[in-house]
Amino acid sequence: KKIEPYNEENGNGIARHIVLRENSDGEVMCTLVINSKKLPEAEEIALELTKEHPEVVSFCLSSNTETTNVILGDDAKVIYGKSRLLDVLCGKKFELSPLSFYQVNHAAAELLYEKAKELANLQEGQTLLDLYCGVGTIGISICGDNNNLCGVETVRDAVIDAKRNAELNRRNETNTVFFEADAGDGIKMCKQRFGKADVIIVDPPRKGLDEKVINEITKSESEKVVYVSCNPATLARDLKIFAANGYICSTVYPFNLFPRTKHVETVVQLVRKKPDTYLDVKIDLSELDATPAETAATYQEIKDYIQEKHGVKVSSLYIAQVKEQLGIKERECYNKSKSEHARQPQCPEAKVNLIRDALAHFQMI
């Protein structure tokens, strides 16, 4: 049966996209996205397709009549076979419905999630907040049995799948929860359930994070954020906002999930800055009473200036006497003798003038 392809310029045609999803056993879920509310020939197409390709165990229709670059519609109807596809990723089981987000490159996704787990470095009893969690793949893959897991997603079907996947992997319902909510609201919901999240993982769409969500994350004061990005441009934009709000980018790892294309998936670790970890200042309190004039030039610099300009040597004692006469504060009294009754030589008038000239040169008087 021939179906006219969709024309983006004039909006005509029926077949917009064909989405194929394959699990580790080679089973395929086929979703036909149509520019129509229904397709009368759908069952006939499903029979012909599965006869020709027995690996197709599920055929679904998704209606998308909007003028948009979004691929899938808001719902999907199973025409033939299974309503969900079972896959194994990082040793965990996941059931996938037609509208649920799932990484397209299985092998590279496992490497990516292993790196995310390493960067999260969850300790016993800590809480992970998984924003844009999809069907729960990242959170379930990296959380231990004694970690609290809070997943947040706006797509209802994905949240339903995430809850089923938690059950499939025997996650304890007392420490695992998935919310259908906006990412910003999810931060508050997690806090109400488990307290402050120790680690937050975000895996947003290509448009990146809303600034409001970043602000909510930084206000939560979680020690660590693991950012999984499929768009380096929006990632760079968001990292600047994180930096302005007290988080530093400590590590960046790219993964080639899309071979033979320009696209790359990136995993970034962000750590909340602490004063005692990035700034070390030592203050010598004896320097606090130094005057601007005193710090303008050293005794040796004054001596060198007079020697070079006038060919005359002067002592530190003479310089100290002239500075005292002019009211320039001294921390060390060069003009005092060790003996209380000792007589000190006084600076000759000629050298007084030379020293005054040097002090003027260094803008000390």
Side-chain angles (χ1 to χ4, degrees), residues 3 15-34 38-39 41-64 70-114 116 130 132-143 149 151-171 176 178 180 203 205 228 230 255 257-259 265:
I3 303 176
R16 294 186 69 146
H17 302 280
I18 299 175
V19 180
L20 300 177
R21 176 172 284 170
E22 182 181 16
N23 66 11
S24 51
D25 292 330
E27 296 177 329
V28 175
M29 171 181 283
C30 176
T31 302
L32 176 63
V33 184
I34 57 173
K38 58 178 64 176
L39 186 66
E41 307 90 350
E43 292 183 1
E44 182 183 345
I45 293 173
L47 290 174
E48 291 183 8
L49 176 65
T50 54
K51 182 180 179 180
E52 187 72 23
H53 299 280
E55 66 273 18
V56 177
V57 297
S58 174
F59 181 76
C60 309
L61 282 183
S62 179
S63 173
N64 183 358
V70 175
I71 293 176
L72 293 165
D74 295 331
D75 55 16
K77 181 180 179 181
V78 179
I79 305 299
Y80 168 85
K82 300 179 180 180
S83 60
R84 286 176 170 81
L85 200 63
L86 181 65
D87 195 21
V88 178
L89 186 70
C90 297
K92 305 292 184 178
K93 298 177 182 178
F94 297 100
E95 283 191 343
L96 312 169
S97 60
L99 301 183
S100 298
F101 172 79
Y102 197 63
Q103 294 287 0
V104 297
N105 188 325
H106 189 278
E110 287 192 317
L111 296 175
L112 186 151
Y113 290 171
E114 287 171 4
D130 185 4
Y132 309 89
C133 68
V135 298
T137 49
I138 298 182
I140 293 174
S141 294
I142 73 175
C143 272
L149 170 59
V152 180
E153 174 61 61
T154 58
V155 179
R156 177 169 298 180
D157 284 2
V159 175
I160 294 172
D161 285 347
K163 293 178 179 179
R164 289 171 61 96
N165 290 330
E167 294 177 3
L168 273 175
N169 292 282
R170 299 181 179 179
R171 291 286 310 175
T176 303
F178 289 94
E180 180 189 347
D203 187 9
V228 180
C230 58
F255 288 84
L257 264 72
F258 317 103
E265 196 93 0

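Here the structure is a predicted model, which is why all the values come from computation and not from measurement. We use all heavy atoms of the structure for the numbers below, so side chains are in, but hydrogens, waters and symmetry mates are not.
The heavy-atom pair separating Y132 from D203 by the smallest distance is CB-O, 3.2 Å. Residues Q103 and A109 share a closest heavy-atom pair of CB-CB, 3.7 Å. Between S83 and P98, the shortest heavy-atom distance links the atoms O-CD, 3.7 Å. Minimum interatomic distance between L72 and T31 (heavy atoms only, all atoms of both residues): CD2-CG2, 4.1 Å. Summarising the geometry of S141 relative to C90, their closest heavy-atom pair is OG-CB, 4.0 Å, with the distance given to 0.1 Å.
Within the 4.5 Å cutoff, side-chain heavy atoms of Y80 are placed close to those of T50. Between V159 and K163, the closest side-chain pair of non-hydrogen atoms falls below 4.5 Å. Side chains of D87 and Y102 form a contact here, defined as non-hydrogen atoms less than 4.5 Å apart. The side-chain heavy atoms of L99 and D74, taken from C-beta on, include no pair separated by under 4.5 Å. The closest side-chain heavy-atom distance from V228 to E265 is below 4.5 Å. In this structure, H106 and E22 have side chains that are not in contact, with every pair of non-hydrogen atoms separated by 4.5 Å or more. Taking 4.5 Å as the limit, some side-chain heavy atom of I140 sits within range of a side-chain heavy atom of F94. Between N165 and E95, the closest side-chain pair of non-hydrogen atoms falls below 4.5 Å.
Residue E180 holds its CD atom at 9.0 Å from CG of D157, rounded to the nearest 0.5 Å. The distance from the CG atom of N105 to the CD atom of E110 is 10.0 Å, given to the nearest 0.5 Å. Summarising the geometry, atom CD belonging to E41 is positioned 10.5 Å from atom CD belonging to E48; distances are rounded to the nearest 0.5 Å. Atom-to-atom distance recorded for K82:NZ and E27:CD is 3.5 Å, nearest 0.5 angstrom. From L96, atom CG reaches atom CZ of R21 across 5.0 Å, with rounding to the nearest 0.5 Å. The distance from atom OG of S62 to atom CD1 of I34, rounded to the nearest 0.5 Å, is 8.0 Å.
Between the N64 side chain and the I71 main chain, a donor and an acceptor come within less than 3.5 Å of each other. For the pair N169 (side chain) and K93 (backbone), a donor-acceptor distance under 3.5 Å is present. The main-chain N or O of G134 is found under 3.5 Å from a side-chain atom of E153 such that the two form a donor-acceptor pair. Under a 3.5 Å cut-off, the side chain of D130 and the backbone N or O of G139 do form a donor-acceptor pair.
Side-chain atoms of T137 and Y113 include a donor-acceptor pair closer than 3.5 Å. Between D161 and S97, the side chains place a donor N or O and an acceptor N or O closer than 3.5 Å (distance only, hydrogens not considered).
Residue pairs that meet the salt bridge (charged side-chain N to carboxylate O under 4.0 Å, His left out) test with at least one member in residues 50-60, sequence neighbours left out, do not exist here.
D25 CG: more than 12 foreign heavy atoms inside a 6.0 Å radius.
Under the side chain to side chain contact (heavy atoms under 4.5 Å, CB included) test applied with F178, the options V135, L149, V152, I160 reduce to a single match, L149. Here the options are L39, V19, I79, the test is side chain to side chain contact (heavy atoms under 4.5 Å, CB included), and the partner is L32; only L39 passes.
Residues that satisfy the side-chain hydrogen bond (donor to acceptor under 3.5 Å, both in side chains) test with S58, not counting sequence neighbours, are absent from this structure.
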